[in-house]
2 protein chains.
Amino acid sequence: MNRTGMTDAAELLREHGIKPSHQRVLVLSYLMTHPEHPAADAIYRSLLPEMASLSKMTVYNTLEILRKAGLVRIVRIGDPEARYDVMTDDHGHFKCEICGGLSDFAVDMRPLVSDGLAGYEIRERNVYFKGICPGCLENKTE
Amino acid sequence: MNRTGMTDAAELLREHGIKPSHQRVLVLSYLMTHPEHPAADAIYRSLLPEMASLSKMTVYNTLEILRKAGLVRIVRIGDPEARYDVMTDDHGHFKCEICGGLSDFAVDMRPLVSDGLAGYEIRERNVYFKGICPGCLENKTE
DNA sequence: CAATAATTTATAATGATTATAAAATTATAA
DNA sequence: TTATAATTTTATAATCATTATAAATTATTG
Ligand SMILES: [Mn+2]
Ligand SMILES: [Mn+2]
Ligand SMILES: [Zn+2]
Ligand SMILES: [Zn+2]
(Lines give C-alpha, C1' and ligand atoms only; values in the text may rest on other atoms or scores of the structure.)
(Ligands and ions follow the chains in the order given, each with its own letter.)
Protein backbone atom coordinates (compact mmCIF):
# COMPACT_ATOMS: atom_id res chain seq x y z
CA MET A 1 0.00 0.00 0.00
CA ASN A 2 1.13 3.57 -0.58
CA ARG A 3 0.54 6.61 1.60
CA THR A 4 -3.03 6.95 0.33
CA GLY A 5 -3.95 3.52 1.60
CA MET A 6 -4.62 2.44 -1.96
CA THR A 7 -2.58 -0.18 -3.70
CA ASP A 8 -1.33 1.59 -6.77
CA ALA A 9 -0.85 0.03 -10.15
CA ALA A 10 2.95 -0.11 -10.04
CA GLU A 11 3.00 -1.90 -6.73
CA LEU A 12 0.27 -4.28 -7.79
CA LEU A 13 2.34 -5.19 -10.82
CA ARG A 14 5.45 -5.75 -8.72
CA GLU A 15 3.49 -7.95 -6.32
CA HIS A 16 2.60 -10.13 -9.26
CA GLY A 17 6.12 -10.33 -10.62
CA ILE A 18 5.44 -8.00 -13.53
CA LYS A 19 7.93 -5.26 -14.20
CA PRO A 20 6.05 -1.97 -13.86
CA SER A 21 6.99 -0.29 -17.10
CA HIS A 22 5.50 3.08 -17.84
CA GLN A 23 3.03 1.68 -20.37
CA ARG A 24 1.96 -1.19 -18.12
CA VAL A 25 1.31 1.17 -15.24
CA LEU A 26 -0.70 3.38 -17.56
CA VAL A 27 -2.89 0.51 -18.76
CA LEU A 28 -3.51 -0.95 -15.33
CA SER A 29 -4.13 2.47 -13.78
CA TYR A 30 -6.59 3.23 -16.51
CA LEU A 31 -8.53 0.06 -15.76
CA MET A 32 -8.44 0.74 -12.03
CA THR A 33 -9.98 4.17 -12.51
CA HIS A 34 -12.46 3.28 -15.26
CA PRO A 35 -15.09 0.79 -14.11
CA GLU A 36 -16.99 0.94 -17.40
CA HIS A 37 -15.13 -2.13 -18.74
CA PRO A 38 -13.28 -0.44 -21.60
CA ALA A 39 -12.20 -2.30 -24.72
CA ALA A 40 -8.56 -2.48 -25.80
CA ASP A 41 -9.06 0.19 -28.42
CA ALA A 42 -10.77 2.53 -25.96
CA ILE A 43 -7.89 2.13 -23.54
CA TYR A 44 -5.44 2.80 -26.34
CA ARG A 45 -7.20 5.92 -27.57
CA SER A 46 -7.60 7.27 -24.05
CA LEU A 47 -3.91 6.88 -23.23
CA LEU A 48 -2.57 8.20 -26.50
CA PRO A 49 -2.67 11.87 -25.41
CA GLU A 50 -0.62 10.95 -22.35
CA MET A 51 1.88 8.90 -24.31
CA ALA A 52 2.03 9.59 -27.99
CA SER A 53 4.40 6.72 -28.73
CA LEU A 54 2.09 4.08 -27.24
CA SER A 55 1.35 1.19 -29.55
CA LYS A 56 -1.92 -0.66 -29.59
CA MET A 57 0.10 -3.85 -29.60
CA THR A 58 1.50 -2.89 -26.21
CA VAL A 59 -2.02 -2.47 -24.91
CA TYR A 60 -2.90 -5.96 -26.13
CA ASN A 61 0.33 -7.40 -24.75
CA THR A 62 -0.19 -5.78 -21.39
CA LEU A 63 -3.81 -6.84 -21.13
CA GLU A 64 -2.77 -10.43 -21.83
CA ILE A 65 -0.06 -10.25 -19.18
CA LEU A 66 -2.56 -8.82 -16.70
CA ARG A 67 -5.07 -11.51 -17.57
CA LYS A 68 -2.56 -14.30 -17.05
CA ALA A 69 -1.64 -12.78 -13.70
CA GLY A 70 -5.30 -12.72 -12.71
CA LEU A 71 -5.35 -8.94 -12.45
CA VAL A 72 -7.99 -8.44 -15.10
CA ARG A 73 -10.76 -10.51 -16.55
CA ILE A 74 -12.18 -10.37 -20.03
CA VAL A 75 -15.88 -9.67 -20.47
CA ARG A 76 -17.34 -10.65 -23.82
CA ILE A 77 -21.02 -10.04 -24.34
CA GLY A 78 -22.53 -9.64 -27.73
CA ASP A 79 -20.19 -7.50 -29.73
CA PRO A 80 -16.89 -8.62 -31.20
CA GLU A 81 -14.70 -6.51 -28.93
CA ALA A 82 -13.35 -7.92 -25.70
CA ARG A 83 -13.78 -5.64 -22.74
CA TYR A 84 -11.63 -5.59 -19.63
CA ASP A 85 -12.40 -5.55 -15.96
CA VAL A 86 -10.04 -5.20 -13.01
CA MET A 87 -10.95 -8.51 -11.45
CA THR A 88 -12.06 -8.39 -7.88
CA ASP A 89 -14.71 -10.71 -6.56
CA ASP A 90 -17.32 -12.66 -8.51
CA HIS A 91 -20.02 -10.47 -9.98
CA GLY A 92 -22.52 -10.40 -12.80
CA HIS A 93 -22.58 -8.12 -15.81
CA PHE A 94 -25.49 -6.34 -17.39
CA LYS A 95 -25.11 -5.27 -21.01
CA CYS A 96 -27.47 -2.64 -22.36
CA GLU A 97 -28.56 -3.56 -25.87
CA ILE A 98 -29.08 0.09 -26.78
CA CYS A 99 -26.13 2.09 -25.46
CA GLY A 100 -23.75 -0.86 -25.09
CA GLY A 101 -23.03 0.11 -21.50
CA LEU A 102 -21.73 -2.62 -19.21
CA SER A 103 -22.52 -2.49 -15.53
CA ASP A 104 -21.83 -4.74 -12.57
CA PHE A 105 -24.28 -6.35 -10.25
CA ALA A 106 -23.97 -8.58 -7.22
CA VAL A 107 -24.60 -12.26 -7.74
CA ASP A 108 -24.45 -15.23 -5.46
CA MET A 109 -22.90 -17.93 -7.63
CA ARG A 110 -23.19 -20.74 -5.10
CA PRO A 111 -26.82 -21.79 -5.57
CA LEU A 112 -26.22 -21.99 -9.32
CA VAL A 113 -24.71 -25.45 -9.33
CA SER A 114 -27.74 -27.55 -8.57
CA ASP A 115 -26.36 -30.81 -9.89
CA GLY A 116 -25.61 -32.12 -13.34
CA LEU A 117 -22.04 -30.92 -12.99
CA ALA A 118 -20.80 -33.73 -10.80
CA GLY A 119 -17.45 -34.84 -12.12
CA TYR A 120 -16.68 -31.47 -13.68
CA GLU A 121 -13.90 -29.25 -12.40
CA ILE A 122 -15.31 -25.73 -12.35
CA ARG A 123 -12.68 -23.03 -12.68
CA GLU A 124 -14.72 -19.99 -13.63
CA ARG A 125 -18.33 -18.94 -13.15
CA ASN A 126 -19.92 -16.25 -15.27
CA VAL A 127 -23.30 -14.59 -15.22
CA TYR A 128 -24.44 -11.92 -17.59
CA PHE A 129 -27.77 -10.38 -18.44
CA LYS A 130 -28.80 -8.37 -21.43
CA GLY A 131 -31.54 -5.80 -21.69
CA ILE A 132 -32.07 -2.08 -21.41
CA CYS A 133 -30.50 0.17 -18.82
CA PRO A 134 -32.51 2.76 -16.86
CA GLY A 135 -31.09 5.65 -18.86
CA CYS A 136 -32.07 4.16 -22.19
CA LEU A 137 -35.50 3.15 -20.87
CA GLU A 138 -36.12 6.77 -19.97
CA ASN A 139 -35.07 8.02 -23.40
CA LYS A 140 -37.51 5.59 -24.98
CA THR A 141 -40.58 6.91 -23.19
CA GLU A 142 -39.72 10.54 -23.91
CA MET B 1 -46.62 -32.11 -34.96
CA ASN B 2 -46.09 -34.91 -37.43
CA ARG B 3 -47.03 -38.58 -37.08
CA THR B 4 -44.01 -39.24 -34.85
CA GLY B 5 -45.22 -36.77 -32.26
CA MET B 6 -42.14 -34.71 -32.91
CA THR B 7 -42.26 -31.26 -34.40
CA ASP B 8 -40.04 -31.50 -37.40
CA ALA B 9 -37.85 -28.74 -38.72
CA ALA B 10 -39.98 -27.85 -41.74
CA GLU B 11 -43.12 -27.45 -39.66
CA LEU B 12 -41.28 -25.48 -37.01
CA LEU B 13 -40.08 -23.09 -39.69
CA ARG B 14 -43.58 -22.71 -41.12
CA GLU B 15 -44.98 -22.03 -37.66
CA HIS B 16 -42.56 -19.15 -37.41
CA GLY B 17 -43.36 -17.73 -40.80
CA ILE B 18 -40.11 -18.90 -42.36
CA LYS B 19 -40.29 -20.60 -45.72
CA PRO B 20 -38.89 -24.10 -45.24
CA SER B 21 -36.38 -24.21 -48.06
CA HIS B 22 -34.27 -27.30 -48.40
CA GLN B 23 -31.18 -25.61 -46.97
CA ARG B 24 -33.05 -24.08 -44.04
CA VAL B 25 -34.56 -27.41 -43.12
CA LEU B 26 -31.13 -28.99 -43.31
CA VAL B 27 -29.58 -26.42 -40.99
CA LEU B 28 -32.37 -26.50 -38.42
CA SER B 29 -32.59 -30.31 -38.51
CA TYR B 30 -28.88 -30.49 -37.98
CA LEU B 31 -29.13 -28.32 -34.88
CA MET B 32 -32.10 -30.32 -33.59
CA THR B 33 -30.15 -33.56 -33.81
CA HIS B 34 -26.77 -32.27 -32.64
CA PRO B 35 -26.85 -31.00 -29.07
CA GLU B 36 -23.10 -30.31 -29.01
CA HIS B 37 -23.62 -26.65 -29.97
CA PRO B 38 -21.92 -26.70 -33.36
CA ALA B 39 -20.32 -23.64 -34.90
CA ALA B 40 -21.41 -22.31 -38.30
CA ASP B 41 -18.44 -23.85 -40.02
CA ALA B 42 -19.04 -27.24 -38.41
CA ILE B 43 -22.66 -27.17 -39.58
CA TYR B 44 -21.52 -26.21 -43.05
CA ARG B 45 -18.92 -28.96 -43.31
CA SER B 46 -21.30 -31.56 -41.95
CA LEU B 47 -24.01 -30.72 -44.44
CA LEU B 48 -21.77 -30.43 -47.47
CA PRO B 49 -21.83 -34.18 -48.29
CA GLU B 50 -25.63 -34.04 -48.28
CA MET B 51 -25.79 -30.92 -50.43
CA ALA B 52 -22.69 -30.15 -52.41
CA SER B 53 -23.97 -26.77 -53.61
CA LEU B 54 -24.52 -25.43 -50.09
CA SER B 55 -22.85 -22.11 -49.42
CA LYS B 56 -21.46 -21.13 -46.07
CA MET B 57 -23.19 -17.81 -46.56
CA THR B 58 -26.52 -19.64 -46.57
CA VAL B 59 -25.63 -21.25 -43.27
CA TYR B 60 -24.88 -17.84 -41.78
CA ASN B 61 -28.04 -16.36 -43.30
CA THR B 62 -30.17 -19.19 -42.01
CA LEU B 63 -28.70 -19.08 -38.53
CA GLU B 64 -29.43 -15.37 -38.36
CA ILE B 65 -33.02 -15.94 -39.48
CA LEU B 66 -33.41 -18.67 -36.88
CA ARG B 67 -31.93 -16.47 -34.21
CA LYS B 68 -34.28 -13.61 -35.02
CA ALA B 69 -37.20 -16.02 -34.85
CA GLY B 70 -36.06 -17.23 -31.45
CA LEU B 71 -35.45 -20.74 -32.70
CA VAL B 72 -31.76 -20.77 -31.88
CA ARG B 73 -29.53 -18.95 -29.48
CA ILE B 74 -25.90 -18.10 -29.87
CA VAL B 75 -23.42 -19.34 -27.29
CA ARG B 76 -20.10 -17.51 -27.18
CA ILE B 77 -17.59 -18.64 -24.62
CA GLY B 78 -13.90 -18.04 -25.01
CA ASP B 79 -13.05 -18.77 -28.60
CA PRO B 80 -13.87 -16.50 -31.51
CA GLU B 81 -16.43 -18.78 -33.13
CA ALA B 82 -20.11 -18.43 -32.29
CA ARG B 83 -21.82 -21.70 -31.50
CA TYR B 84 -25.49 -22.44 -31.94
CA ASP B 85 -28.09 -24.01 -29.72
CA VAL B 86 -31.68 -24.91 -30.47
CA MET B 87 -33.18 -22.74 -27.81
CA THR B 88 -35.54 -24.44 -25.42
CA ASP B 89 -35.67 -23.39 -21.81
CA ASP B 90 -33.10 -21.45 -19.82
CA HIS B 91 -29.99 -23.42 -19.05
CA GLY B 92 -26.34 -22.94 -18.27
CA HIS B 93 -23.34 -23.91 -20.37
CA PHE B 94 -20.13 -25.55 -19.34
CA LYS B 95 -17.14 -25.09 -21.59
CA CYS B 96 -14.22 -27.46 -21.22
CA GLU B 97 -10.95 -25.53 -21.52
CA ILE B 98 -9.14 -28.60 -22.84
CA CYS B 99 -11.37 -30.28 -25.43
CA GLY B 100 -13.56 -27.24 -26.12
CA GLY B 101 -16.69 -29.30 -25.53
CA LEU B 102 -19.83 -27.41 -24.59
CA SER B 103 -22.42 -29.08 -22.38
CA ASP B 104 -25.68 -28.00 -20.83
CA PHE B 105 -26.63 -27.94 -17.19
CA ALA B 106 -29.76 -26.99 -15.32
CA VAL B 107 -29.82 -23.60 -13.67
CA ASP B 108 -32.42 -21.72 -11.73
CA MET B 109 -31.99 -18.15 -12.94
CA ARG B 110 -34.53 -16.61 -10.58
CA PRO B 111 -32.46 -16.29 -7.40
CA LEU B 112 -29.72 -14.57 -9.42
CA VAL B 113 -31.27 -11.14 -9.34
CA SER B 114 -30.72 -10.18 -5.76
CA ASP B 115 -31.07 -6.46 -6.22
CA GLY B 116 -28.93 -3.80 -7.84
CA LEU B 117 -30.83 -4.27 -11.08
CA ALA B 118 -33.87 -2.27 -10.10
CA GLY B 119 -34.83 -0.07 -13.02
CA TYR B 120 -33.20 -2.37 -15.57
CA GLU B 121 -35.26 -4.25 -18.12
CA ILE B 122 -33.81 -7.75 -18.24
CA ARG B 123 -34.34 -9.51 -21.56
CA GLU B 124 -31.84 -12.32 -21.44
CA ARG B 125 -30.11 -14.22 -18.67
CA ASN B 126 -26.94 -16.18 -19.27
CA VAL B 127 -24.83 -18.42 -17.10
CA TYR B 128 -21.71 -20.20 -18.17
CA PHE B 129 -18.92 -21.99 -16.41
CA LYS B 130 -15.49 -22.92 -17.59
CA GLY B 131 -13.29 -25.73 -16.41
CA ILE B 132 -12.42 -29.30 -17.26
CA CYS B 133 -14.92 -31.97 -18.26
CA PRO B 134 -14.92 -35.45 -16.74
CA GLY B 135 -13.41 -37.01 -19.85
CA CYS B 136 -10.47 -34.63 -19.92
CA LEU B 137 -9.96 -34.96 -16.17
CA GLU B 138 -9.60 -38.70 -16.61
CA ASN B 139 -7.07 -38.31 -19.41
CA LYS B 140 -4.98 -36.06 -17.19
CA THR B 141 -4.57 -38.60 -14.39
CA GLU B 142 -3.67 -41.42 -16.76
C1' DC C 1 31.41 0.62 -21.96
C1' DA C 2 29.89 -3.62 -24.37
C1' DA C 3 26.84 -7.52 -24.47
C1' DT C 4 22.52 -9.49 -23.40
C1' DA C 5 17.83 -9.62 -22.13
C1' DA C 6 13.35 -7.55 -21.86
C1' DT C 7 10.05 -4.55 -23.71
C1' DT C 8 7.90 -1.82 -27.07
C1' DT C 9 6.77 -0.74 -31.62
C1' DA C 10 5.60 -1.11 -36.62
C1' DT C 11 3.82 -4.03 -39.89
C1' DA C 12 1.70 -7.93 -41.85
C1' DA C 13 -1.28 -12.03 -41.39
C1' DT C 14 -5.35 -14.43 -39.61
C1' DG C 15 -9.99 -15.71 -39.56
C1' DA C 16 -14.79 -15.39 -38.37
C1' DT C 17 -18.26 -12.60 -39.81
C1' DT C 18 -20.61 -9.21 -42.79
C1' DA C 19 -21.55 -6.72 -47.15
C1' DT C 20 -22.60 -6.77 -51.85
C1' DA C 21 -24.29 -8.16 -55.94
C1' DA C 22 -24.98 -11.81 -59.43
C1' DA C 23 -27.36 -16.19 -60.28
C1' DA C 24 -30.92 -19.30 -59.40
C1' DT C 25 -35.24 -20.44 -57.69
C1' DT C 26 -40.01 -19.61 -56.51
C1' DA C 27 -44.20 -17.01 -56.55
C1' DT C 28 -47.45 -13.92 -58.90
C1' DA C 29 -49.68 -11.79 -62.77
C1' DA C 30 -51.03 -11.54 -67.48
C1' DT D 1 -47.76 -20.90 -70.33
C1' DT D 2 -44.97 -16.80 -70.40
C1' DA D 3 -43.50 -12.74 -68.48
C1' DT D 4 -42.42 -10.36 -64.32
C1' DA D 5 -41.43 -9.66 -59.75
C1' DA D 6 -39.93 -11.28 -55.25
C1' DT D 7 -37.26 -14.43 -52.63
C1' DT D 8 -33.46 -17.22 -51.78
C1' DT D 9 -29.02 -18.90 -52.59
C1' DT D 10 -24.48 -18.42 -54.03
C1' DA D 11 -19.85 -16.46 -55.10
C1' DT D 12 -16.83 -12.97 -54.00
C1' DA D 13 -14.87 -9.22 -51.65
C1' DA D 14 -14.54 -6.30 -47.49
C1' DT D 15 -14.30 -5.64 -42.47
C1' DC D 16 -12.12 -5.59 -38.26
C1' DA D 17 -10.55 -7.26 -33.78
C1' DT D 18 -6.92 -9.95 -32.67
C1' DT D 19 -2.50 -12.45 -33.29
C1' DA D 20 2.10 -13.25 -35.32
C1' DT D 21 6.53 -11.65 -36.53
C1' DA D 22 10.47 -9.22 -36.38
C1' DA D 23 12.86 -4.75 -36.02
C1' DA D 24 13.85 -1.02 -32.81
C1' DT D 25 14.24 0.66 -28.35
C1' DT D 26 15.19 0.37 -23.54
C1' DA D 27 16.88 -1.76 -19.40
C1' DT D 28 20.14 -4.88 -17.12
C1' DT D 29 24.40 -7.18 -16.24
C1' DG D 30 29.34 -8.03 -16.29
MN1 LIG E 1 -17.33 -6.00 -13.93
MN1 LIG F 1 -27.26 -25.40 -24.66
ZN1 LIG G 1 -28.39 1.89 -22.17
ZN1 LIG H 1 -12.93 -31.80 -22.12
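The model shown is predicted, which means the values in this text are computed figures rather than measured ones. Within every chain, numbering begins at 1; the chains are lettered A, B, ... in the order of the sequence lines, protein sequences first and strands thereafter.
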Looking at residues 50-79 of chain A, who's got a heavy atom less than 4.0 Å off DNA chain C?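 Under 4.0 Å from DNA chain C: A:S53, A:L54, A:S55, A:M57, A:T58, A:N61.
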
Listed in order of residue number, which residues of residues 38-47 of chain B have a non-hydrogen atom at under 4.0 Å from DNA chain C?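 None - not one residue of the stretch has a heavy atom sitting under 4.0 Å from the strand.
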
Not counting sequence neighbours, list each pair that qualifies as a ring pair (Phe, Tyr, Trp, His ring centres under 6.0 Å) and has a residue in residues 37-58 of chain B.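 Matches after skipping sequence neighbours: B:H37-B:H93.
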
Looking at [Y] and [X], is there a salt bridge between them, counting it only when a charged N and a carboxylate O are closer than 4.0 Å?
X     : Y      : value
A:R83 : A:E81  : no
A:D90 : A:R125 : no
A:E97 : A:K95  : no

Tell me the interatomic distance from B:L28, atom CG, to D:dT8, atom P, rounded to whole angstroms.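 So the two atoms are 15 Å apart, to the nearest Å.
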
Whole-Å distance between C:dT7 C1' and A:Q23 CD?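 These atoms are roughly 8 Å apart.
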
Give the B/S/- string for nucleotides 25-30 of chain D, one per nucleotide from 5' to 3', where a protein heavy atom under 4.0 Å of the base yields B, of only the sugar-phosphate yields S, and otherwise -. ------

Going by salt bridge (Lys or Arg N to Asp or Glu O under 4.0 Å), name the residues that satisfy it together with B:R14, two or more places apart in sequence or in a different chain.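 Salt bridge (Lys or Arg N to Asp or Glu O under 4.0 Å) list for B:R14, sorted by chain: empty.
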
If you compare every side-chain N and O of A:S21 against the phosphate oxygens of C:dT8 (OP1, OP2), does one of them come in below 4.0 Å?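 Yes, because at least one side-chain N or O of A:S21 sits under 4.0 Å from OP1 or OP2 of C:dT8.
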
Close approaches to DNA chain D from residues 80-87 of chain A, in residue order (heavy atom, under 4.0 Å):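 Only A:P80, A:E81, A:A82 qualify.
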
